[in-house]
Chemist: 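Take a look at the following structure, please.
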Amino acid sequence: MADLKKDIAASVAVGLVAIPLCLGIAHASGAPLISGLVAGMTGGLVVGSLSKSQLSVTGPAAGLTTIVLAALATLKSFPAFLTAVFLSGLIQIAFGKFRVGGLSRLFPSPVIRGMLSAIGLILIMKQFPHLVGFDVESMGVEEFSDTDKDVEGGPSGGLNTFRLVALAVSSLEPGALLIGVLSMLVLFAWDWGGNRRFPTIPGSLVAVALAVTINQLLGPGLAVAGKHLVRIPELSPDNFLHPDWSALQNPQVYLVAMTIALVASVESLLSVEALDRLDPQHRSTPPNDELVAQGVGNVISGLLGGLPVTAVIIRGSVNLAAGATSKRSAIMHGAWVLISALALRGGINSIPLAALAAVLVHTGIKMAHPKNLKEMARRGLPQLIPYVVTVTAILFTDLLVGICVGTIVSGCFILRNLHVAKGFSVRKSGFITQIRLHQEVTFFHKVRLSGVLESIPPGSVVEVDGSEARFIDHDVLDLLRLYKDQATNKKIEIIFGGIALMDSFSDKQKAAMQDEYERLLRNNQAWVEDHGKNDPEYFERMAVGQKPTFLFVGCSDSRVPAEVITGTEPGELFVHRNIANVVSLHDMNLMSVLQYSVEHLVVPHIIVCGHYGCGGVRAALSSHSFGLIDNWVHPIKKVVDENQAELAAISDADLRERRVIELHVLAQVRNILKTPVVQRSIAKLGIPHVHGWVYDLTTGQIKDLKADVNLEDDLHPVFHYQYDFQTKTPVGKN
Ligand code: ZN
């Protein structure tokens, strides 16, 4: 209910702005005045009802006046022109049905903001003459290029808005100035608190009512009259015109229809889009539905003898500023145009133009507020420059040209950003090539990325970090996918972080994954049968208990399976594997495995088995941070640190890495020997023996590093624990 009141009040405010505009646009287009009112009613009642936009207002558009003027000159008949308006509506409906409306979303944000600011500035400049009683041009609000005809008896030669303002200042009308200034004060008073006190009454209505009253009270000499008041003609059925269908044979009609359809569609979509951005409730309008609604509007406006209609941003802004909450306001504004033309002519004709001008200047100030410029400056030059260019171009040319120029400039910035922005950065350290993808990786980066990937030598590790990327072009993903598939052949290991290379898996891929999994179970079944055939008691024997001879500490790498590379059977190896076979005395898992192996299984041998080409060691050798893994591979970095001199002497990076792997394995052997549990067992039983191995992925050969670490000679005394066994003498120095 409160919303309905707001909508009624807003519809009055919009109606008050729309009525003089309908007349002025018709006049400026060289069309009968009534055609403007017909377009206003159709825009409100028909398009208002059909449109899904809640705030936009449709009516005759100043942006089309030059097109209408030219069309009338070509067709030489207003009824023939109405046929073109009818056709343009059909074309717009087709646009909507074929869904071309989405293209309007491509208009860059600084251009749309620039358009709004420019229209605000134009409103201020155009309405300023009316505000001070210099009413030489009757339309003024939405037309951007003045001609001499706007100034009665004015100077010949070029006249632009700036000169018009100068002219207005030099010919002030005191009564109009008084009414204009008072109206402005009322409007600002409403902004500064009045709207909270009287939330259902629009400031514009108060301003206009006050203006009419004051004008009545001023008396002769000061009161404004005649051309300083709103003037609307009488509306009677005889005044309606209808399309001339014989004009369908004139090819020019189709050309005019297409031009109107294109320009009206662009203007409508821009207005609706701009208004959606201003909507405090953040509602959005589907563009194709809007085109259909606009098309129906033009079909009906043409049939009834009206001008072409578009969604119009200024009336829409007034609608929003006046507190409209839903499309009811726009529909009712159409009714007000109709009622005013039929019944309220006397009352409307007593409104001083200065009061209406105040409403529009006030709207203009809101739209062109300097905070927009500040906001765009904050966003940086690629937004600020297109914004300023758009504003300037619209002020000095017209709306459509200005938007085109702004869009081109903005487009250049977008292209430049796409091209100049690097998309990704590359760092090489030893075998490792790190490719860090930036926020936007576009088609433009594909060629360079492809070049980088091609230049990576065999035996390398490539890490592609996409954790920062917000957008990765499909072509780039395809490239990475292909590279991944080929990597094994190229002897390259590729690791992806933060990128899902597959957007989704196909049914075929899903079936293959499931089959992979089921293969394991099938293999198991086959294995069970195989063993049962040759040795019926095999599993019974296994179930009794284990007595493994070895503890095998290896890397988790899938290419280093302990049993397979040592040709051992189940029951022979007790296994612990982690990334890069690190022996950490803080690792509860490994320490538990060690204690169990030594104290309960009493294994005679512990083997630490590293492998050449270990990814964990490579991670440790790089200066790239991998997150949690950094902590895990820290012991390997320590090995590098402690053996700097030896490693520096090896010039070949491949050999150097192999040496690090060997030194790392030896260090882990010493770590095992440093544990009390192992020392205690050695002191008591003389076992386990601790060995260091390196497995070579390329040959399958195991290299025994002969890690004959001697507790007493090789480890610092602080690592020698003293035990006092009853059966044996303590180990260590006394
Ligand atoms: Zn490994």
Side-chain angles (χ1 to χ4, degrees), residues 541-612 614-617 632-633 635-636 639 661-697 700-712 714-715 719-721 723 725 728 731:
R541 228 173 34 249
M542 276 292 147
V544 173
Q546 63 169 335
K547 191 73 191 85
T549 323
F550 307 94
L551 167 62
F552 181 96
V553 177
C555 179
S556 297
D557 195 305
S558 61
R559 298 163 298 179
V560 199
E563 286 85 358
V564 178
I565 62 169
T566 56
T568 43
E569 287 295 316
E572 293 189 63
L573 299 185
F574 200 68
V575 175
H576 176 93
R577 288 165 71 179
N578 63 37
I579 291 179
N581 40 273
V582 172
V583 175
S584 162
L585 274 69
H586 313 295
D587 179 357
M588 292 274 282
N589 185 347
L590 175 52
M591 287 302 114
S592 303
V593 166
L594 189 66
Q595 186 189 351
Y596 189 78
S597 314
V598 172
E599 291 184 356
H600 297 270
L601 301 173
V602 201
V603 294
H605 301 282
I606 296 177
I607 298 157
V608 177
C609 180
H611 65 106
Y612 297 127
C614 182
V617 173
W632 185 253
V633 300
I636 309 172
V639 168
I661 287 163
E662 293 168 3
L663 290 169
H664 164 59
V665 166
L666 291 171
Q668 307 320 296
V669 168
R670 290 162 71 95
N671 282 347
I672 285 185
L673 286 167
K674 285 173 188 170
T675 59
V677 69
V678 170
Q679 289 194 14
R680 187 183 159 95
S681 178
I682 290 174
K684 196 172 167 185
L685 307 170
I687 53 168
H689 304 290
V690 187
H691 311 273
W693 288 1
V694 182
Y695 174 75
D696 193 331
L697 291 173
Q701 304 262 355
I702 289 168
K703 177 175 175 185
D704 186 346
L705 297 176
K706 305 269 188 277
D708 49 350
V709 181
N710 184 308
L711 264 183
E712 303 214 0
D714 294 342
L715 294 183
F719 289 114
H720 302 166
Y721 299 99
Y723 298 103
F725 298 111
K728 255 192 153 180
V731 174

Chemist: Does the side chain of Ser681 reach to within under 4.5 Å of the side chain of Pro688, using non-hydrogen atoms?
Modeler: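 Yes. Closest side-chain heavy atoms under 4.5 Å.
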
Chemist: To the nearest 0.5 Å, how far apart are CH2 in Trp693 and CG in Asn581?
Modeler: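 The distance works out to 13.0 Å.
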
Chemist: Can you find a heavy atom in the side chain of Val602 that is under 4.5 Å from one in the side chain of Ile687?
Modeler: yes

Chemist: When you compare the side chain of Glu662 with that of Val665, does any pair of heavy atoms fall below 4.5 Å?
Modeler: no

Chemist: Does the side chain of Asn578 come within less than 4.5 Å of Trp632's, by heavy atoms?
Modeler: yes

Chemist: Going from OG1 on Thr568 to CZ on Phe552, what distance comes out if it is rounded to the nearest 0.5 angstrom?
Modeler: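 One gets 8.5 Å once the value is rounded to the nearest 0.5 Å.
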
Chemist: Counting C-beta onward and ignoring hydrogens, is there a side-chain heavy-atom pair between Cys609 and Val694 closer than 4.5 Å?
Modeler: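 SC-SC contact between Cys609 and Val694 ruled out.
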
Chemist: For Cys555 versus Cys614, what's the shortest heavy-atom pair and its separation?
Modeler: SG-SG, 3.9 Å

Chemist: Output, in order, the C-alpha distance, side-chain angles, deciding distance and verdict of side-chain contact (heavy atoms from CB on, under 4.5 Å) for Val593 and Val553.
Modeler: CA-CA 10 Å; Val593 166; Val553 177; over 6 Å; no

Chemist: Could you check whether any side-chain N or O of Gln668 sits under 3.5 Å from a backbone N or O of Val583, counting only pairs where one atom can act as donor and the other as acceptor?
Modeler: yes

Chemist: Does any N or O in the side chain of Gln679 come within less than 3.5 Å of the main-chain N or O of Phe719, such that one atom is a donor and the other an acceptor?
Modeler: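 Yes.
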
Chemist: Treating Lys547 as the side-chain partner and Leu601 as the backbone partner, does any N or O pair qualify as donor plus acceptor under 3.5 Å?
Modeler: yes

Chemist: Supply the atom-to-atom distance Gln546 CD to Leu573 CG, rounded to the nearest 0.5 angstrom.
Modeler: 10.5 Å

Chemist: Quick one: sort the His689 and His691 rings into parallel, tilted or perpendicular, breaks at 30° and 60°.
Modeler: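 Plane angle between 30° and 60°, so tilted.
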
Chemist: Spell out, as yes or no, whether a donor-acceptor pair under 3.5 Å connects the side chain of Thr675 to the backbone of Ile672.
Modeler: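 Looks like yes, one N/O pair under 3.5 Å.
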
Chemist: Tell me the salt bridge (charged side-chain N to carboxylate O under 4.0 Å, His left out) pairs involving residues 577-600, sequence neighbours left out?
Modeler: none

Chemist: Rounded to the nearest 0.5 Å, what's the gap from CD on Gln701 to OH on Tyr695? Could you check?
Modeler: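 Interatomic distance, Gln701 CD to Tyr695 OH, rounded to 0.5 Å: 9.5 Å.
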
Chemist: With side chains defined as the heavy atoms from C-beta onward, is the minimum distance between His664 and Val582 less than 4.5 Å?
Modeler: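 SC-SC contact between His664 and Val582 confirmed.
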
Chemist: Apply side-chain contact (heavy atoms from CB on, under 4.5 Å) to the pair Phe550 and Val603, showing each step before the final yes or no.
Modeler: CA-CA 6 Å; Phe550 307 94; Val603 294; 5.9 Å; no

Chemist: Side-chain contact, heavy-atom cut-off 4.5 Å: Pro604 with Thr549?
Modeler: yes

Chemist: With salt bridge (charged side-chain N to carboxylate O under 4.0 Å, His left out) as the rule and sequence neighbours excluded, what pairs involving residues 558-576 come up?
Modeler: Asp557-Arg559

Chemist: Can you tell me how far apart CG (Leu590) and OG (Ser597) are? Round to the nearest 0.5 Å.
Modeler: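 If I round to the nearest 0.5 Å, the distance is 8.5 Å.
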
Chemist: Excluding sequence neighbours, so at least two apart, what forms side chain to side chain contact (heavy atoms under 4.5 Å, CB included) with Leu663?
Modeler: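 Val639, Asn643, Glu646, Leu647, Arg659.
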
Chemist: How many angstroms lie between NZ in Lys674 and CZ in Arg670, if you round to the nearest 0.5 Å?
Modeler: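 It comes to 5.5 Å.
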
Chemist: Please step through side-chain contact (heavy atoms from CB on, under 4.5 Å) for the pair Val669 and Ile606, ending with a clear verdict.
Modeler: CA-CA 9 Å; Val669 168; Ile606 296 177; over 6 Å; no

Chemist: State whether the side chain of His720 and the backbone N or O of Leu715 hold a donor-acceptor pair below 3.5 Å, judged by distance alone.
Modeler: yes

Chemist: Looking only at non-hydrogen atoms, find the nearest pair between Ser556 and Ile579 and report the distance.
Modeler: OG-N, 3.5 Å

